[in-house]
Amino acid sequence: MQIFEYNGSAVVAMVGKNCFAIASDRRLGVQLQTIATDFQRISKIHDRVFIGLSGLATDVQTLYQRLVFRHKLYQLREERDMKPDTFASLVSAILYEKRFGPYLCQPVIAGLGEDDKPFICTMDSIGAKELAKDFVVSGTASESLYGACEAMYKPDMEAEELFETISQALLSSVDRDCLSGWGGHVYVVTPTEIKERILKGRMD
């Protein structure tokens, strides 16, 4: 078992019409043993940028704290929030800086840029970015997530349809992965509001 799979995880982000959704499972495990069923993998950087971190749970928490610190410094200096692509570049730089002893995380970044245009990207543990116009995934359930998202995704979905699509994709994928599960945590972000919902899994 690889160290990336030690705690299990599933994270997915998907774009809609002037909105985006980001979702993750809620299981924290040590290999096949479940430790907690309410682990938080998705974090809000500010109202228009969210990050989901899959991988080793200790590195997830450490990296998140560093990113919050760096974003607060940016806010103090620039007197504004980071744009999603700027934040993605910051995450990439922090990961590449530690490339010889990397954070064992694979981030998924989602945000609303100028003109409310959704932005999503993912990267590997040393910060190589992968941009997408439809959806991105990471974690131990990523293979089944790719299949579910390919089958269910449609362009220009409204917020409610986007929530249904990402929820069904996540739940059907974690059912096929023994290292992730216990429902899901979904954020749907539009220019005017942030909706947060907890999904019940089959085990709840």
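These figures come from a predicted structure and were not determined experimentally. In what follows, residues are counted from 1 in the order of the sequence shown.
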Self-check item: CA sep, side-chain torsions, deciding dist, call: K195, F163, side chain to side chain contact (heavy atoms under 4.5 Å, CB included)
Solution: CA-CA 9 Å; K195 288 183 182 173; F163 166 74; over 6 Å; no
Quiz item: Yes or no on side chain to side chain contact (heavy atoms under 4.5 Å, CB included) for I126 and Y103, after CA distance, side-chain angles and deciding distance?
Solution: CA-CA 8 Å; I126 59 166; Y103 290 115; over 6 Å; no
Quiz prompt | C121 vs E130, side chain to side chain contact (heavy atoms under 4.5 Å, CB included): CA-CA, chis, key distance, verdict | solution = CA-CA 6 Å; C121 87; E130 180 188 337; over 6 Å; no
Quiz item: Step by step, would you call T37 with R26 a side-chain hydrogen bond (donor to acceptor under 3.5 Å, both in side chains)?
Solution: CA-CA 5 Å; T37 60; R26 299 169 67 211; 5.7 Å; no
Quiz item: Does the side chain to side chain contact (heavy atoms under 4.5 Å, CB included) test come out yes or no for L28 and T34, once each step is laid out?
Solution: CA-CA 6 Å; L28 172 65; T34 299; over 6 Å; no
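Note on L145 and M157: same hydrophobic cluster, where clusters join Ile, Leu, Val, Met, Phe, Trp and Tyr whose side-chain heavy atoms are under 4.5 Å apart, directly or indirectly. Neither I35 nor L53 shares a network with the other; the hydrophobic side chains, linked directly or stepwise wherever heavy atoms of I, L, V, M, F, W or Y lie under 4.5 Å apart, form separate groups for each. Y64 and V11 fall into different hydrophobic clusters, where Ile, Leu, Val, Met, Phe, Trp and Tyr are joined by side-chain heavy atoms under 4.5 Å apart, directly or via other members. Placement of V108 and I45 in two distinct hydrophobic clusters is found when ILVMFWY residues are connected by side-chain heavy-atom separations under 4.5 Å, directly or transitively. V49 and L112 sit in two unconnected hydrophobic clusters of ILVMFWY residues. Membership requires side-chain heavy atoms under 4.5 Å apart, directly or through other members.
Of all the heavy atoms in P84 and I109, the pair that sits closest is O-CG2, 4.4 Å. D59 and P102 get closest at one heavy-atom pair: OD2-O, 4.0 Å. The two residues L32 and L179 come nearest to each other via the heavy atoms CD2-CD2, 3.6 Å. The two atoms that bring R41 and A10 nearest to each other are NE-N, 4.4 Å, heavy atoms only. The nearest pair of heavy atoms linking C19 to L162 is SG-CD2, 3.8 Å. Heavy-atom minimum distance, T122 versus P107: OG1-O, 2.8 Å.
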Without placing hydrogens or testing angles, list every side-chain donor-acceptor pair under 3.5 Å for residues 85-95, not counting sequence neighbours.
{"unit_1": "S89", "atom_1": "OG", "unit_2": "D85", "atom_2": "O", "d": "3.1"}
{"unit_1": "S89", "atom_1": "OG", "unit_2": "K129", "atom_2": "NZ", "d": "3.1"}
{"unit_1": "S92", "atom_1": "OG", "unit_2": "G127", "atom_2": "O", "d": "2.5"}

Side chains of residues 131-141: which donor-acceptor partners sit under 3.5 Å, not counting sequence neighbours?
{"unit_1": "S138", "atom_1": "OG", "unit_2": "S54", "atom_2": "OG", "d": "2.9"}
{"unit_1": "S138", "atom_1": "OG", "unit_2": "Q106", "atom_2": "O", "d": "3.3"}
{"unit_1": "T140", "atom_1": "OG1", "unit_2": "S9", "atom_2": "N", "d": "3.2"}
{"unit_1": "T140", "atom_1": "OG1", "unit_2": "S9", "atom_2": "O", "d": "3.0"}
{"unit_1": "T140", "atom_1": "OG1", "unit_2": "D177", "atom_2": "OD2", "d": "2.8"}

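Under the salt bridge (charged side-chain N to carboxylate O under 4.0 Å, His left out) criterion, R197 pairs with E160, sequence neighbours left out. For E161, the salt bridge (charged side-chain N to carboxylate O under 4.0 Å, His left out) partners at least two apart in sequence or on another chain are K154. Every side chain to side chain donor-acceptor pair (under 3.5 Å) that Q75 has, sequence neighbours left out, goes to D81. By the ring-ring contact (aromatic ring centres under 6.0 Å, His included) test, Y187 is found to be paired with F50, H185, residues two or more places apart in sequence or in another chain being considered.
Atom CE of M14 sits about 13.5 Å away from atom CZ of F20, to the nearest 0.5 Å. A distance of 10.5 Å separates CG of N18 from OG1 of T192, quoted to the nearest 0.5 Å. D124 contributes atom CG, which lies 11.0 Å from atom OH of Y96 (distance to the nearest 0.5 angstrom). To the nearest 0.5 Å, atom OG of residue S125 and atom CG of residue L63 are 11.0 Å apart. The distance from atom CD of Q168 to atom CG of L199, rounded to the nearest 0.5 Å, is 8.5 Å. In this structure, CG in D38 is found 13.0 Å from CZ in R27, a value given to the nearest 0.5 Å.
Screening residues 92-108 for salt bridge (charged side-chain N to carboxylate O under 4.0 Å, His left out), with sequence neighbours left out, gives R66-E97. Within the structure, salt bridge (charged side-chain N to carboxylate O under 4.0 Å, His left out) pairs that include any residue of residues 102-114 comprise K83-E114 (at least two apart or interchain). Within the structure, salt bridge (charged side-chain N to carboxylate O under 4.0 Å, His left out) pairs that include any residue of residues 179-191 do not occur (at least two apart or interchain). Among residues at least two apart or in separate chains, side chain to side chain donor-acceptor pair (under 3.5 Å) pairs with a member in residues 42-52 are K44-D47, R48-D116.
Applying the 6.0 Å contact sphere to CD of E79 captures no more than 12 heavy atoms from other residues, nucleotides or ligands. Under a cut-off of 6.0 angstrom, the local environment of CD in E164 is crowded, with over 12 non-hydrogen atoms contributed by other residues, nucleotides or ligands.
A distance-only check finds no donor-acceptor pair linking the side chain of D25 to the backbone of S180 [under 3.5 Å]. A distance-only check finds no donor-acceptor pair linking the side chain of E78 to the backbone of R80 [under 3.5 Å].
I198 belongs to no multi-residue hydrophobic cluster, having no ILVMFWY side-chain contact under 4.5 Å with any other such residue. Other residues sharing the hydrophobic cluster of M152, ordered by chain and number and joined by side-chain separations under 4.5 Å: none, the residue standing alone.
Using a 4.5 Å cut-off on side-chain heavy atoms (C-beta onward), T190 and E193 make contact.
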